[in-house]
There are 2 protein chains.
Amino acid sequence: MASIKDVAAEAGVSVATVSRVLNDHPSVSADARARVLAAVEALGYRPNAVARSLRTDQTRTLGLVISDVMNPYFTTLARSVEEEARALGYSVVIGNADERPDLQDHHVRTLLDRRIDGLLVSPTDGGSPLMLDTARGGTPMVFVDRWIPGVDVPVVRADGRAAVRDLVSHLYGLGHRRLAIIAGPAATTTGSERVEAFREALAEYGLPLPDAYTGQGDFQAESGRRVTDAFLDLAEPPEVVFAADNLMALGALDAVRARGMRVPQDIALAAFDDIPWFVHTDPPVTAIAQPTGELGRAAVRALVDMIEGRPPQSVTLAAHLVVRRSCGQPAPTPSEQPPATNRSLS
Amino acid sequence: MASIKDVAAEAGVSVATVSRVLNDHPSVSADARARVLAAVEALGYRPNAVARSLRTDQTRTLGLVISDVMNPYFTTLARSVEEEARALGYSVVIGNADERPDLQDHHVRTLLDRRIDGLLVSPTDGGSPLMLDTARGGTPMVFVDRWIPGVDVPVVRADGRAAVRDLVSHLYGLGHRRLAIIAGPAATTTGSERVEAFREALAEYGLPLPDAYTGQGDFQAESGRRVTDAFLDLAEPPEVVFAADNLMALGALDAVRARGMRVPQDIALAAFDDIPWFVHTDPPVTAIAQPTGELGRAAVRALVDMIEGRPPQSVTLAAHLVVRRSCGQPAPTPSEQPPATNRSLS
DNA sequence: GTCAGTCGTGTAAACGATTCCACACGACTA
DNA sequence: TAGTCGTGTGGAATCGTTTACACGACTGAC
């Protein structure tokens with residue numbers, strides 16, 4: 001593969017001049033510029049990004065460590081992150097932690113070794129030593145969706161508090177009184193916050209949230225299945241199950257179906273995180289939708305601000321309730337017609 | 001950030017010795033090794049992968065260019081690719097082409113500039129000049145899922161021919177005679193092959209595939225919606241719509257629902273690519289399942305073989321039909337109980 | 001006609017690693 | 001005792017860039 005030296009030789013100039021042309025530095029004669037450009041064309045030369053990064057100490061690359069690629073929420077997030085980064089002249093390297101702290105650390109370490117310019121993380125846990133060191137250690141870093149308390153890093157996230165209150169109000173209005181939740185890992189902020197918001201909202205209606213009605217999940221489908229099974233085995237099962245993410249909702253749906261029971265007749269279901277498929281499940285699932293695309297874009301902007309020496313902004317956006325039929329109410333058909341299935345949620 | 005020089009100074013040895021310890025080269029005394037390791041520990045030193053890559057001319061990184069991150073099929077593929085690559089000591093950088101040839105080229109170029117060791121591609125089109133040059137130009141490359149005919153690059157893919165025949169047989173058995181297909185872009189192999197297989201299977205049953213019944217989609221939900229709408233507007237609409245991928249099936253579902261019609265009573269639906277959500281849609285969707293995970297793993301193995309100088313193997317695996325209720329038959333309930341929603345399809 | 005300032009260019013020093021080569025030092029062997 | 005060999009080590013070149021610095025040629029002001 002042709003190097004800058006070959007181009008210099010071909011154009012009859014020094015490598016410095018070639019480099020100047022490539023980075024369009026002003027002081028290059030029109031003649032030299034033309035010759036270099038011709039040589040570049042002739043040789044099909046492309047600058048070696050590795051060498052360039054070594055010299056300039058910047059890679060124009062952002063790392064994004066997400067908790068689970070199989071989760072449509074994170075997939076949407078990744079997509080918007082890449083889009084915004086590309087618009088800003090950066091590329092993105094994604095690491096999938098699969099909700100495993102060890103894998104998360106693996107990716108963070110690999111990305112750091114690669115000398116990425118900045119890191120976007122949606123932590124799977126309360127923060128490994130590596131993560132904490134990285135945050136303190138000067139690497140530009142932004143938390144997105146989930147964050148780690150006590151660490152001085154900008155956070156871009158959605159606040160679901162109001163939407164959860166709306167959900168509880170909706171459920172209460174339908175006559176439900178025994179409400180259960182499938183929580184995410186307590187070590188994640190989204191895991192604990194959603195339970196907290198749910199508990200507070202219930203309290204406003206004078207409803208309790210007994211321990212038996214808070215199942216511990218891990219944001220993956222299997223755990224939703226397991227927890228729902230346990231709920232269904234109770235002497236007095238809940239009337240509603242609220243899954244703290246869409247994958248656990250899917251698991252819950254599995255568990256209910258496996259018993260030959262029906263949603264919402266036998267048990268109601270709601271989920272955090274709306275996704276296109278929820279429109280077409282049986283029944284369509286009532287969910288809390290996050291402005292995922294905007295979250296991703298805002299996170300990239302904050303990170304790039306940090307990298308380029310501008311003060312970064314933490315951002316909190318509102319989530320909102322989307323009512324469908326999984327909690328018992330007939331769908332308000334007009335609003336449910338043909339929502340743009342794919343992109344509309346972002 | 002500490003460099004190898006700092007470590008050398010701290011340990012009181014030369015950088016050469018540090019490097020030898022790091023790459024566990026045999027000829028280093030136990031004493032020197034211990035001192036270096038201690039210095040590494042003390043300084044929290046991590047080798048700079050950029051510098052290392054420049055010198056060794058390898059990045060231990062694979063590029064994966066997929067057609068659409070929002071498509072669960074590719075998401076599953078990406079996951080298995082990363083897993084296998086990690087097991088083999090490589091990392092993966094994903095580029096999402098969003099079914100756009102220009103974006104695909106953008107990612108290929110970026111990855112090449114980064115000097116990745118090898119490229120895994122699922123091409124969105126018939127091959128841009130860049131793609132063709134890259135393939136011929138000696139960069140280790142493997143096509144996965146889709147490929148470009150006439151290019152001498154190993155291909156790892158699934159053959160859906162038999163499964164499509166099974167599907168048509170299933171549909172014929174249910175009494176359906178007017179079958180339509182939402183095709184993918186003709187420039188992609190999966191786009192044209194699936195139509196071909198469908199047409200051949202129909203021929204075996206003496207059924208035609210009129211032009212009016214072959215709609216042109218682009219593997220995205222919106223096109224499925226549009227094509228289905230057109231089908232439904234025909235004087236004699238088809239009895240079955242077969243979508244060449246899961247996203248277009250989702251769009252088809254949208255279109256049908258928007259008219260207040262029902263699947264399968266008013267029109268039947270089947271899809272290529274099975275995904276966990278199809279179990280829970282209304283109705284559960286009959287689909288052709290690919291061994292996606294195995295595809296990803298085989299592709300990585302082929303690519304790494306190529307990179308490391310071993311002869312790579314093209315691989316073709318079989319897809320199979322999964323019957324659910326969207327074509328009219330009551331589900332064979334036992335097999336449909338609680339299939340592991342998330343991982344089982346890979 | 002001299003001097004200061006531009007302008008375009010090239011030389012060479014980095015960046016942080018790996019690795020070839022030479023060499024010092026003991027321990028053998030002859 | 002002298003020569004040979006093996007072992008561990010360091011010096012220095014190298015990978016492909018960018019960029020500080022120096023330099024020669026020209027311009028315009030005095």
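Values in this document were obtained by computation on a predicted structure and should not be read as measured data. Letters A, B, ... are given to chains in the order of the sequence lines, protein chains preceding strands, and every chain is numbered from 1.
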What's the closest nucleotide to the side chain of [X] if the choices are [options]?
| X | options | answer |
| --- | --- | --- |
| A:Ser29 | C:dT9, C:dG16, C:dT11 | C:dT9 |
| A:Arg55 | C:dT9, C:dA14, D:dC15 | C:dA14 |
| A:Thr17 | C:dA17, D:dT18, C:dG10 | C:dG10 |
| A:Ser14 | C:dC15, D:dT9, C:dG10 | C:dG10 |
| A:Asn23 | D:dT17, D:dT18, D:dG8 | D:dT18 |

Please report the distance, rounded to the nearest Å, between [atom1] in [X] and [atom2] in [N].
| X | N | atom1 | atom2 | value |
| --- | --- | --- | --- | --- |
| B:Asp31 | D:dT7 | CG | P | 18 Å |
| B:Asn48 | C:dA14 | CG | C1' | 14 Å |
| B:Ile4 | C:dC15 | CD1 | P | 14 Å |
| B:Asp24 | C:dT18 | CG | P | 11 Å |
| A:Leu54 | D:dG16 | CG | P | 12 Å |
| B:His25 | C:dC20 | NE2 | C1' | 11 Å |
| B:Gln58 | C:dA17 | CD | P | 16 Å |
| A:Arg115 | C:dC15 | CZ | C1' | 12 Å |

Would you confirm whether [X], through its side chain, and [Y], through its main-chain N or O, come within 3.5 Å as a donor-acceptor pair?
| X | Y | result |
| --- | --- | --- |
| B:Asp113 | A:Ala49 | no |
| B:Thr189 | B:Trp147 | yes |
| B:Thr292 | B:Gln290 | yes |

Using a 4.0 Å heavy-atom cut-off across all strands, classify [X] as base, sugar-phosphate, or nothing.
| X | result |
| --- | --- |
| B:Ser27 | base |
| B:Ala32 | sugar-phosphate |
| B:Val18 | nothing |

Query raised in the report: Does the side chain of B:Pro123 reach to within under 4.5 Å of the side chain of B:Gln104, using non-hydrogen atoms?
Result: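 They are in contact (side-chain heavy atoms under 4.5 Å apart), so the answer is yes.
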
Query raised in the report: Between A:Ser67 and A:Arg146, is a side chain to side chain donor-acceptor pair (under 3.5 Å) present by the stated rule, with each step listed?
Result: CA-CA 10 Å; A:Ser67 326; A:Arg146 313 180 184 173; 3.3 Å; yes

Query raised in the report: Pick the nucleotide of DNA chain D nearest each of A:Arg46 and B:Pro26; which residue has the one closer to the 5' end?
Result: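 Final value for this comparison: B:Pro26.
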
Is the phosphate of [N], meaning OP1 or OP2, less than 4.0 Å from a side-chain N or O of [X]?
| X | N | answer |
| --- | --- | --- |
| A:Lys5 | D:dT17 | no |
| B:Arg52 | C:dT18 | yes |
| B:Ser19 | C:dT18 | yes |

Report task. Compare every heavy atom of A:Asp68 with every heavy atom of A:Asp98, then report the nearest pair and how far apart it is. Result ->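 Closest approach of A:Asp98 to A:Asp68: OD1-OD1, 3.9 Å.
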
Query - Donor-acceptor pair under 3.5 Å, A:Arg20 side chain vs C:dG10 base - result: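 Such a pair exists between side chain and base.
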
Query - Residue mapping more 5' on DNA chain C - nearest nucleotide basis, A:Val13 or B:Val15 - result: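 Result: A:Val13.
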
